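This report concerns only the one structure given below.
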Amino acid sequence: MDSVTSLIELTATGAAERVRAREIEPAELFDVYRSRAAGDDLNAFTWVADGPPTPGPAPDAPLGGVPLAVKDLFCTEGVPSQAGSRILEGYRPPYTATVVANLMRAGAPLLGKTNQDEFAMGSSNENSAFGPVLNPWDRSRVPGGSSGGSAAAVAAGLAPWAIGTDTGGSIRQPAALCGIVGLKPTYGACSRYGMIAFASSLDQAGPLTRDVTDAALLLRHMVGRDRLDSTSIEFPGEIELPHAEDLAGIRLGVPEELAGDGIDPGVLESFKATLKLAEGLGARIESCRLPHAAHALSAYYLIAPAEASANLARFDGVRYGLRVDADELTEMYSRTRAAGFGAEVKRRIMLGTYALSSGYYDAYYGTAQKVRTKIADDFADAFATFDFIVTPTSPWTAFKLGSKVADPYAMYLNDICTVPMPLAGLPAISIPSGLSAGLPVGFQLAGPAFSESRMLSSAYALERAIGFDGSPARR
Ligand code: GLN
């Protein structure tokens, strides 16, 4: 291993193997990525570590000392953790989020914090107080959001791997738009302790990686019950590293509601080509129904803002970050919140507060919760017949910066294929299925709760058949 280029051509798993075989020094690997991250010209990082940790990870640690990029909203002791918001400017938490601590303990030192939409609200990273992130495939386009910094950093080879969070698609959609792998685990699989909350019944941490094997390896060390998060549960069994060569006996359901109308023709073409490959690998493919999927977006955009309005009440100028002084306490609260929150966050706080207000609670929030149950029932019915539900991840490829900012509804439509799964608490993965007009397209598999190992295994077989080349984004 002599050149930087050859080091960054390795996947994270490949690099970890070389470290464990004593062919690469963990400090050398850290330095290569530290200088790449420090030279970030995509605005993907909001903070980069000064140097490798001391003492460094043990050379036989399972994650091999391969440095990790972490979405800004994961609290990290002594390190800026601002969730993409002015209101948390300068906040350096006194503790570290459980998943980050788990990964560090397993041998993945912190490389840096990545840019994101403010409080994870957005699909383009344009809602960050620290400016938008550029897509490495085409710098005039968005990387997706809200984990856009993590996705762009991995796609561009500024980080070997990264973590993000997904509430309605924020891992899978940016992964799709940047041509990498992104996995949202089953709700409760990963502790949410230390993740700055958006919508607590939906938020999950997950990996953004160059390939499916890296996602499996990272996820293996993220999951587990944590007594600091009462919604976390012990993952049944260990996440297995994938090795399936085919899809023999696998039944894939293609929901009519999420794989036809409203999807860009180039994306559909790539989706159909992937279905053909899956068939060639032995999968049985049939169309199916998720009758309530059409209402998922409406339910999500009530439930998520409702929970956000409660979670964001704590940012009042007293406890964290920004304070705008005033003579009177309530005036200080409102000035701080007016100055500290961006437009999208304010929009969601207003929507959520309205949906929860007495007199409207049943009509809006109550109805949305009923729809949520119907969506979970639809998936349960589908999984009686199918191993996985497959859809395009995003209805279109990366769009131009600025093209949807003035139209929140157009922005929300990005999430049409990704919100049903978190509403039902289910795991889903996006893998690159190819390019459409030079831009990456994502293919999504969703499975029953705790089917991650099987899902990764099928995704791996497909990944091999697709043979996607992500290297143009790393140049
Ligand atoms: N784009 C969606 C939203 O704006 C999803 C965000 C997320 O998953 N955090 O809410």
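Atoms within each ligand, like the ligands themselves, are counted from 1 in listed order. Here the structure is a predicted model, which is why all the values come from computation and not from measurement.
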Does [X] pair with [Y] as a salt bridge, N-O distance under 4.0 Å?
{"X": "Asp229", "Y": "Arg192", "value": "yes"}
{"X": "Glu269", "Y": "Lys272", "value": "no"}
{"X": "Asp41", "Y": "Arg139", "value": "yes"}

Side chain, backbone, both or neither: which applies to [X] and ligand 1 if a contact is any heavy-atom pair less than 4.0 Å apart?
{"X": "Tyr301", "answer": "side chain"}
{"X": "Thr167", "answer": "both"}
{"X": "Ser146", "answer": "side chain"}
{"X": "Phe198", "answer": "side chain"}

Using a plain distance cutoff, I'd like to know if [X] has any nitrogen or oxygen under 3.5 Å from a nitrogen or oxygen of ligand 1.
{"X": "Gly122", "answer": "yes"}
{"X": "Arg348", "answer": "yes"}
{"X": "Lys71", "answer": "no"}
{"X": "Gly145", "answer": "no"}
{"X": "Ala120", "answer": "yes"}

Exercise for the section: Decide whether Asp378 and His292 meet the rule of one side-chain donor and one side-chain acceptor closer than 3.5 Å. Expected result: yes

Shortest protein contact, [atom] (heavy atom only):
{"atom": "atom 2 (C) of ligand 1", "answer": "Asp415 OD2, 3.1 Å"}
{"atom": "atom 7 (C) of ligand 1", "answer": "Ser170 OG, 2.4 Å"}
{"atom": "atom 1 (N) of ligand 1", "answer": "Ser123 OG, 2.7 Å"}
{"atom": "atom 5 (C) of ligand 1", "answer": "Tyr300 OH, 3.2 Å"}

Problem - Test item, Glu344 contacting ligand 1 (heavy atom, 4.0 angstrom) - result: no

Practice task
Sequence neighbours left out, what pairs pass side chain to side chain donor-acceptor pair (under 3.5 Å) with at least one residue falling in residues 210-219?
Solution key: Thr13-Asp214

Problem - Nearest heavy atoms of Asp72 and Ala83, plus distance in Å - result: OD2-N, 3.1 Å

Exercise for the section: Kindly give the heavy-atom pair with the smallest separation between Gly78 and Arg92, and that separation in Å. Expected result: O-NH1, 2.9 Å

Can you give the donor-acceptor pairs under 3.5 Å from side chains of residues 350-365 to other protein atoms, not counting sequence neighbours?
from, atom 1, to, atom 2, distance (Å)
Thr353, OG1, Ile349, O, 2.5
Ser357, OG, Tyr354, O, 2.6
Tyr365, OH, Gln369, NE2, 2.8

Exercise for the section: Show which atoms of ligand 1 fall inside a sub-4.0 Å distance from at least one heavy-atom site of Met121. Expected result: 4 (O)

Fill in the blank from the handout: A student checking ligand 1 against Gly168 at a 4.0 Å heavy-atom cut-off should list atoms 5 (C), 7 (C), 8 (O)

Problem - Asp316/Arg337 under salt bridge (charged side-chain N to carboxylate O under 4.0 Å, His left out): CA gap, chis, key distance, verdict - result: CA-CA 7 Å; Asp316 55 8; Arg337 289 168 68 86; over 6 Å; no

Fill in the blank from the handout: When Lys184, Arg172, Gln173 are each screened for side-chain hydrogen bond (donor to acceptor under 3.5 Å, both in side chains) with Asp166, the one that passes is Arg172

